[in-house]
Amino acid sequence: MDISMIHTIWTIVLFVSFAGVVWWAFGKNRKARFEEDANMIFADEQRPEADPKGETK
């Protein structure tokens, strides 16, 4: 087994790994979880309080 065969096998392994990660990331089962995680940064923000006239401060 020469170096070109090792490079070919390594390239195929990396491509299959990349395809697996892409398949996992864009799977329909995980879409709701990823959307929830994306909006998590906004969960602790406080909404502006309205004064009696209905205007925000």
Side-chain angles (χ1 to χ4, degrees):
M1 186 182 303
D2 60 343
I3 193 74
S4 64
M5 181 63 98
I6 294 172
H7 282 253
T8 302
I9 292 170
W10 185 243
T11 301
I12 292 169
V13 167
L14 290 177
F15 178 76
V16 169
S17 299
F18 176 76
V21 168
V22 169
W23 174 77
W24 175 81
F26 289 102
K28 292 180 181 178
N29 296 339
R30 285 163 289 284
K31 183 177 181 179
R33 177 179 171 230
F34 287 154
E35 286 179 357
E36 180 183 337
D37 290 347
N39 292 322
M40 192 179 297
I41 191 168
F42 304 114
D44 63 343
E45 289 186 0
Q46 296 177 356
R47 295 184 180 168
E49 296 178 19
D51 64 5
K53 296 179 183 176
E55 298 174 357
T56 56
K57 293 181 181 179

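No experiment lies behind these values; they were computed from the predicted model shown. Atoms considered below: every heavy atom in the structure, side chains included; atoms not considered: hydrogens, waters and symmetry mates.
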Open item on the list: Tell me whether V22 shares a hydrophobic cluster with L14, the cluster being built from Ile, Leu, Val, Met, Phe, Trp, Tyr side chains joined at under 4.5 Å.
Closed with: no
Open item on the list: Return the CD1 to NE2 distance between I9 and H7, rounded to the nearest 0.5 Å.
Closed with: 11.0 Å
- [ ] Say whether M1 and V13 are linked into one hydrophobic cluster, either directly or through other cluster members, by side-chain heavy-atom distances under 4.5 angstrom.
- [x] yes
Open item on the list: Taking side-chain hydrogen bond (donor to acceptor under 3.5 Å, both in side chains) as the cut-off, I'd like each qualifying pair that reaches into residues 8-19, sequence neighbours left out, listed once.
Closed with: none
